[in-house]
Every structure is written in structure tokens, then in C-alpha cells.
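As C-alpha cells, the structure follows; a few thoughts come after it.
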Amino acid sequence: MKIGIICHPTYGGSGAVATELGKALAAKGHSVHFFSQSVPFRLGTFSRNIFYHEVELKHYPLFECSFYSLVLASKIAEVAFYEKLDVVHAHYAIPHALSAMLARQMLEDKCPDTKCFKLATTLHGTDITVVGADRGMQDVVRLAINKSDGVTSVSEYLKDETVRMFSPTKDITVISNFVDTSLFFRSPKQEIREQLGIIDEKIVIHISNFRPVKCIGDIIRIFNALTKRVETTLLLVGDGPERSEAEILVREFGIADRVRFLGKLDDIVPLLSIADLMLMPSNVESFGLAALEAMACGVPVVATMAGGFPEFIVPGTHGYLLSPGDIEGMTEKALLLLSDQTHWLACSKACVQQAKQYETSSLVEQYEAYYVKLLES
Ligand code: GMT
């Protein structure tokens with residue numbers, strides 16, 4: 001198949017899923033065309049089957065907006081016309097599915113007799129839970145969903161939320177996030193500890209784009225409580241709007257020497273491999289890819305009973321789930337995992353097993369079958 005993938009290039013789960021999916025499809029022999037504002041952060045590879053089309057933002061005098069959606073639509077139409085794309089897969093209903101719909105109209109207008117691509121849209125969350133919650137945007141999100149040829153969501157939770165909020169006419173198929181366990185596995189290296197100046201204390205890790213939904217303040221509060229009971233260091237990977245607040249809190253608690261802000265890193269496996277615990281106290285999380293990747297590296301997770309977490313994290317087996325904001329509860333469970341080595345080992349092993357249920361190859365097959373079904377319909 002010739003497949004177009006539209007995604008955000010920035011640090012985040014949807015970009016990771018879209019890029020890993022494209023790479024895996026290309027490895028299976030499909031031609032994959034990425035549409036993005038810059039090279040997606042996990043692409044980092046060349047292949048004869050992978051093509052990248054930059055959505056170059058243009059600024060015209062008088063118009064203050066950058067026309068991203070329109071430039072993207074024009075680019076999709078151009079590539080679909082010359083490359084005869086079979087499927088365009090939009091990661092996010094808005095604006096990506098809308099741009100693809102517009103591209104389709106442009107093609108139909110230009111050459112009415114030509115067969116046009118099928119549009120698959122994957123909902124990752126923010127389009128539903130944040131933008132969709134804005135009543136002024138509901139109709140446009142609903143349109144993007146209903147006019148796609150097929151819609152997938154990354155969890156049952158997100159599917160239910162979408163149905164509850166939009167009553168779409170389209171069926172939604174759940175295809176969860178996935179992880180490549182041939183790349184994400186535990187291989188602890190002493191030199192990584194040495195590079196970080198960490199001797200033998202426990203390591204707590206968090207990876208995200210530091211948006212308010214990630215509750216970075218709760219992470220710092222939980223970690224502060226942990227430092228009173230156990231020797232531990234916190235690794236914060238990623239960056240975003242809540243970072244300054246987090247730094248202030250860390251200084252106020254007097255734990256700056258225990259917290260390392262590492263910024264956006266592409267290769268997180270070496271850090272996950274030395275980590276003992278992943279903290280993800282998000283308010284909402286449509287799936288929680290970072291938790292799954294941690295689990296693949298044998299890292300138990302303390303997260304919230306929110307969004308998609310309960311679909312792949314079994315409390316007591318892979319870590320613990322507590323109510324959002326329950327700092328005391330999360331601290332106690334984190335402490336339990338960090339202080340009981342036998343329990344930690346059992347959880348760590350179970351996490352690795354659980355991650356195998358979400359192996360890239362099998363989820364990519366599901367997407368492939370989904371495209372075939374759309375093409376046959
Ligand atoms: O978590 C983020 O803030 C990034 C966001 C994105 O759009 O990249 O991630 C969303 O999509 C991921 C891939 O499907 C999911 O694993 C994340 O749970 C989801 N984030 C939220 O729902 C907050």
C-alpha cells in the first residue's frame with residue numbers, strides 16, 4: 001500500500017505512535033509518506049520506503065495566521081495526486097483529518113474521475129478531551145470524525161469518551177498503543193549511573209511533555225515525601241510549560257540535589273533500564289505510552305485510576321493506580337515498591353510480560369488489516 005501519515009513532530013505519544021507505525025509499515029514493504037512540520041522526533045532512520053514531506057508554514061503580509069491546516073491540505077493533495085496514495089492516516093481529528101478531507105475535495109475537484117485515498121483517523125486524546133470539551137469546537141471535531149472513512153482510538157476509555165461527547169455516526173475501533181520490545185528492554189549499564197553521579201540509590205523516573213495534565217507538581221510532592229523515607233533520585237525527562245513551576249517547587253522543598261531535569265531525550269531506554277519506578281499522576285491519559293515503555297523495561301508504574309491506565313496496568317501486579325491528586329496514596333505505594341525488593345522483582349517481571357501483549361508487530365498488523373478493510377469498503 002501507499003500510505004500517508006500526518007502527525008505532530010514534537011515530543012509526545014501521538015508522534016511516537018505515528019512514527020513507529022510508519023517505520024514498521026515501511027519495513028513490511030509499504031511506501032510511507034510522512035507529513036509533518038519538521039522531521040518527527042522518532043523517525044531518525046532512512047529507508048527506501050520512507051518519504052518525508054515538510055509542511056512549510058508560510059507567512060503572508062496582512063494575514064496574521066500561518067494557515068497550517070491549508071498548507072497541509074495542499075501538500076497532501078499534491079503528494080496523493082502524484083504518488084497515488086491508497087490511505088491517508090491522520091493522527092488527530094483536528095486539524096489533521098480536516099486537512100485530509102480538504103485535500104480529498106481538492107483532488108475530486110481537480111480530477112473527478114480519479115480514485116481518491118481512504119481517510120483513517122486515529123484519536124489520541126487531546127482532540128477529544130481538551131479541544132472537544134470546548135463547546136465552540138464540538139461540531140468541527142464531530143465533522144472530522146464522521147467524515148473520516150474509518151476512526152480508531154487508542155483505548156476503550158477514549159472510545160467511550162468520544163461516544164459520550166460526540167455521539168458520532170462512525171464506529172470507532174480501538175487499536176491500543178504499542179511498544180517494540182526488541183528495543184525497549186531492561187539492560188542496566190553502570191556507566192549511565194556513573195554519568196548521572198548516582199551511586200546505589202533508588203531511581204524514580206517521569207517522562208512527558210510537562211503539560212498541566214501531567215501534574216508535575218504532584219510528582220515533586222510525592223518525590224519530596226519519598227526522600228524522607230528512602231535514598232532516591234528523580235529523573236525528569238522531557239520539557240514543557242510546567243517545568244519552571246516544578247523547578248521552583250524543587251528549590252522550595254530543598255531537594256534540588258536529588259532531582260535531575262534531563263530535557264527532551266530521544267533514547268530513553270538507558271534511563272528506563274536503571275529506573276526502579278515510573279511516576280505518572282496524570283489527571284487524564286487516553287492511553288499512557290510512556291508507562292507502557294517503562295513497563296517493557298521492567299519498571300513498575302505508580303499512576304492514576306484515570307483514562308486508559310486501568311486497561312493495561314493491574315494494581316498490585318504492574319504497580320498501583322490511585323485517584324488523581326492522591327499524593328499520600330501514591331507516596332505509600334511508591335514506597336512499598338522501592339522498599340520491598342521481592343515485591344518489586346515480581347512486579348518488574350510481570351510488567352515485562354504485560355508489555356509483550358502490546359508488541360509493535362501485532363498492533364501494526366491490526367492497523368494494516370484496518371487499512372485493507374477501508375480499501376475494500
Ligand atoms: O501525553 C501527551 O501530552 C502527548 C499526547 C500526544 O498527543 O502526543 O499523548 C496522547 O497520545 C498518546 C499516544 O496515543 C497517549 O499514549 C497519551 O496518553 C495521550 N496523552 C493524553 O491523553 C494526555
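Because the structure is a prediction, the values reported are computed rather than measured. Indexing begins at 1, ligand by ligand and atom by atom, following the structure's order. Nothing fancy with the numbering, it's 1 onward along the sequence.
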Next item on the list: Kindly confirm or rule out a cation-pi arrangement of K110 over F81, judged by NZ or CZ under 6.0 Å from the six-membered ring centre and within 45° of its axis?
Entry: yes
Item checked: Heavy-atom check, side chain of N209 versus side chain of D239, under 4.5 Å -> no
Note to self: In the structure I gave you, are the side-chain heavy atoms of L226 and L335 within less than 4.5 Å of one another anywhere?
What the structure shows: yes
Item checked: S47 and N49: side chain donor to acceptor below 3.5 Å -> no
Tabulation required: pairs of a nitrogen or oxygen in ligand 1 and a protein nitrogen or oxygen under 3.5 Å; columns are atom names and distance to 0.1 Å; otherwise 'none'.
from	atom 1	to	atom 2	distance (Å)
ligand 1	1 (O)	K214	NZ	2.6
ligand 1	3 (O)	N209	OD1	3.3
ligand 1	3 (O)	N209	ND2	2.9
ligand 1	3 (O)	R211	NE	3.0
ligand 1	3 (O)	R211	NH2	2.7
ligand 1	7 (O)	S14	OG	3.1
ligand 1	7 (O)	Y92	OH	2.3
ligand 1	8 (O)	G13	N	3.0
ligand 1	8 (O)	S14	N	2.7
ligand 1	8 (O)	S14	OG	3.0
ligand 1	14 (O)	H124	ND1	2.6
ligand 1	14 (O)	N177	OD1	3.4
ligand 1	14 (O)	N177	ND2	3.1
ligand 1	16 (O)	N177	OD1	2.7
ligand 1	16 (O)	G288	N	3.1
ligand 1	16 (O)	L289	N	3.0
ligand 1	18 (O)	E285	OE2	2.7
ligand 1	18 (O)	S286	N	3.4
ligand 1	18 (O)	F287	N	3.1
ligand 1	18 (O)	G288	N	2.9
ligand 1	20 (N)	E285	OE2	3.1
ligand 1	22 (O)	S286	N	2.8
ligand 1	22 (O)	S286	OG	3.0

Check: Less than 4.0 Å between a side-chain N and a carboxylate O, is that true for E368 and K373?
Finding: no
Checklist line | Donor-acceptor under 3.5 Å (S99 side chain, S69 main chain) | finding: yes
